[in-house]
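FYI, the numbering just counts along the sequence from 1. Atom set for the values below is all heavy atoms of this structure, side chains included, hydrogens, waters and symmetry mates excluded.
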Amino acid sequence: QLDPLASLQQQASLSRELARWVADLRYEDLPAAVVDRAKGVSLQSLASVLLGSETSRAQLAVDMITEEETGVRNGATIMVHGTKVTKGGAAFANAAMANAGGKWDTFRMLIHSGTTIIPCALLAAETSGASGRDFITGVAAGYEVMNRLTADYVPTVMARGFHPGVLFSIFGPAVAAAKILGFTEDQVHSTISQCVAL
């Protein structure tokens, strides 16, 4: 007699399948169109950071982080300003500037992936000394995972009164950073699991 639980345990979970795909992804696997798009959304996000850095809304975020965290030696850089703060502080300030700049990419007209993925991918690349190819591969992985997770849920999440960007934006930057940092399959799986928990 077959044990139904045994057969379920043999099947990989969605998070495990995604983790395996992310860990195995190589720059050489990316089609030229994907590489071009990853470069394009990166430049678009940087333009948004530059524009956003001029807004009072973003300046408030930068001022708050700078006041709390100036003097950190092993952190990351707040873009445009050049101040070193903690990695979390830099990610927050840089994402705030990207969001304030208003030059967002979009998925299904509701998810603005680049406002979170690109600042975190740049931060991971800066702090690890990653190559440009590693950065592009991480960006592609972050977009793929975030938008695949989001794709089927945008209408139902909206119908229940939630904005999908808020619910799903944690996955893209975490996966992009995990890929850039060279995480193993198990480490990527743990990263995705943490995102689900949060």
Would you indicate whether the side-chain heavy atoms of [Y] and [X] approach each other to under 4.5 Å?
{"X": "I118", "Y": "V139", "answer": "yes"}
{"X": "N74", "Y": "T86", "answer": "no"}
{"X": "V175", "Y": "Y143", "answer": "no"}
{"X": "Q59", "Y": "H81", "answer": "yes"}
{"X": "H189", "Y": "S193", "answer": "yes"}
{"X": "V22", "Y": "E185", "answer": "no"}
{"X": "Y27", "Y": "V35", "answer": "yes"}

**Asked** With a 3.5 Å cut-off and no angle check, do the side chains of D134 and S131 form a donor-acceptor pair?
**Response** yes

Test item: [X] side-chain N/O and [Y] main-chain N/O as donor-acceptor pair under 3.5 Å:
{"X": "Q187", "Y": "A178", "answer": "no"}
{"X": "T127", "Y": "L123", "answer": "yes"}
{"X": "D29", "Y": "R26", "answer": "yes"}

Looking only at heavy atoms, what is the nearest atom pair of [X] and [Y], with distance?
{"X": "A96", "Y": "A58", "value": "O-CB, 4.2 Å"}
{"X": "P173", "Y": "I117", "value": "N-CG1, 3.7 Å"}
{"X": "F92", "Y": "M64", "value": "CE2-CE, 3.6 Å"}
{"X": "T116", "Y": "S169", "value": "OG1-O, 3.6 Å"}
{"X": "P119", "Y": "S45", "value": "CD-OG, 4.2 Å"}
{"X": "A130", "Y": "I180", "value": "CB-CG2, 3.6 Å"}

Interatomic distance, [X] atom [atom1] to [Y] atom [atom2] [nearest 0.5 angstrom]:
{"X": "L181", "Y": "T191", "atom1": "CG", "atom2": "OG1", "value": "9.0 Å"}
{"X": "R37", "Y": "I136", "atom1": "CZ", "atom2": "CD1", "value": "12.0 Å"}
{"X": "Q44", "Y": "T115", "atom1": "CD", "atom2": "OG1", "value": "10.5 Å"}
{"X": "I170", "Y": "I192", "atom1": "CD1", "atom2": "CD1", "value": "11.5 Å"}

If you measure from the Lys or Arg side-chain nitrogens to the Asp or Glu carboxylate oxygens, is any gap between [X] and [Y] under 4.0 Å?
{"X": "K39", "Y": "D36", "answer": "no"}
{"X": "E144", "Y": "K179", "answer": "no"}
{"X": "E28", "Y": "R133", "answer": "yes"}

If you group Ile, Leu, Val, Met, Phe, Trp and Tyr by side-chain heavy-atom gaps below 4.5 Å, do [X] and [Y] land in one group?
{"X": "L51", "Y": "I78", "answer": "no"}
{"X": "I65", "Y": "V72", "answer": "no"}
{"X": "F171", "Y": "L167", "answer": "yes"}

Notebook entry, point to check: Where do L30 and L25 land on the side chain to side chain contact (heavy atoms under 4.5 Å, CB included) test, with the steps shown first?
Noted result: CA-CA 8 Å; L30 301 175; L25 183 65; 3.9 Å; yes

### Task
Any chance you could lay out the side chain to side chain contact (heavy atoms under 4.5 Å, CB included) test for L14 and L149, step after step, and finish with the verdict?
CA-CA 10 Å; L14 175 60; L149 289 174; 4.0 Å; yes

message: Checking R20 against D186 for the salt bridge (charged side-chain N to carboxylate O under 4.0 Å, His left out) test, could you report, in this order, the C-alpha distance in whole Å, the side-chain angles of both residues, the deciding distance, and whether it holds?
response: CA-CA 8 Å; R20 186 171 302 130; D186 284 341; over 6 Å; no

- Query: Can you tell me if CG on D24 sees more than 12 non-hydrogen neighbours from other groups inside 6.0 Å?
  - Reply: yes

task = Mark yes when over 12 heavy atoms from residues, nucleotides or ligands other than K84 sit less than 6.0 Å from its NZ; otherwise mark no.
result = yes

Side chain to side chain contact (heavy atoms under 4.5 Å, CB included) between L122 and M79, intermediate numbers included
CA-CA 10 Å; L122 287 167; M79 290 190 280; 3.8 Å; yes

task: For N147 and S113, run side chain to side chain contact (heavy atoms under 4.5 Å, CB included): C-alpha distance rounded to whole Å, both residues' side-chain angles, the deciding distance at 0.1 Å, then the answer.
output: CA-CA 8 Å; N147 291 338; S113 309; 3.1 Å; yes

